[in-house]
S.K.: 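Sharing a structure below in structure tokens format, with a few things to ask.
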Amino acid sequence: MLDQKTFLQGINYLKANYINWGFDLNNDLMLKVWYKKFSNLGASVFRGLVEKYSELHRFAPNSPAELLDLLREQITQ
């Protein structure tokens, strides 16, 4: 299960890759909603997911679904 520290590190990794990404780290509701979508993943899976997403996509994710879609694609391959 994903811990909140690893989740925040992943979000910060995405923010570092997408400088103009509008994700608000000070918005507790936003953090809670996004965390809930990934909370069942293992820490290494989540870290790999954000790294892979940033390698493949020019633009930041607009929703957690974009990251989860990539995970589904990777699993089916």
S.K.: Same cluster or not: Ile75 versus Leu70, using hydrophobic residues (I, L, V, M, F, W, Y) connected whenever any side-chain heavy atoms lie under 4.5 Å apart?
M.R.: yes

S.K.: If a pair satisfies side-chain hydrogen bond (donor to acceptor under 3.5 Å, both in side chains) and one of its residues is in residues 36-48, list it, with sequence neighbours excluded.
M.R.: none

S.K.: Output all residues satisfying ring pair (Phe, Tyr, Trp, His ring centres under 6.0 Å) with Phe38, sequence neighbours left out; order by chain, then residue number.
M.R.: Phe46

S.K.: Enumerate, atom names and distances included, each donor-acceptor pair closer than 3.5 Å involving a side-chain atom of residues 51-67, sequence neighbours excluded.
M.R.:
{"from": "Tyr53", "atom 1": "OH", "to": "Phe59", "atom 2": "O", "distance (Å)": "3.3"}
{"from": "Tyr53", "atom 1": "OH", "to": "Glu66", "atom 2": "OE1", "distance (Å)": "3.0"}
{"from": "Ser54", "atom 1": "OG", "to": "Val50", "atom 2": "O", "distance (Å)": "3.3"}
{"from": "Ser54", "atom 1": "OG", "to": "Glu51", "atom 2": "O", "distance (Å)": "2.9"}
{"from": "Ser63", "atom 1": "OG", "to": "Ala65", "atom 2": "N", "distance (Å)": "3.2"}
{"from": "Glu66", "atom 1": "OE2", "to": "Asn62", "atom 2": "N", "distance (Å)": "3.0"}

S.K.: With sequence neighbours left out, write down each residue that passes side chain to side chain contact (heavy atoms under 4.5 Å, CB included) with Val33, or none if nothing qualifies.
M.R.: Leu29

S.K.: Quick check for you: to the nearest 0.5 Å, what is the distance between Leu49 atom CG and Leu2 atom CG?
M.R.: 10.5 Å

S.K.: For Leu25 and Leu31, which heavy atoms make the closest approach, and how far apart are they?
M.R.: O-CD1, 3.2 Å

S.K.: Report the distance from atom OH of Tyr35 to atom OG1 of Thr6, rounding to the nearest 0.5 Å.
M.R.: 9.0 Å

S.K.: Holding to salt bridge (Lys or Arg N to Asp or Glu O under 4.0 Å), I want the full list of residues that pass it with Asp3, two or more places apart in sequence or in another chain.
M.R.: none

S.K.: Hey, could you give me each pair passing salt bridge (charged side-chain N to carboxylate O under 4.0 Å, His left out) that has a residue in residues 10-34? Not counting sequence neighbours.
M.R.: none

S.K.: Who are the ring pair (Phe, Tyr, Trp, His ring centres under 6.0 Å) partners of Phe23, not counting sequence neighbours?
M.R.: Trp21, Trp34

S.K.: I need the full list of side-chain hydrogen bond (donor to acceptor under 3.5 Å, both in side chains) pairs touching residues 67-77, with sequence neighbours left out, sorted by first then second residue.
M.R.: Asp69-Arg72

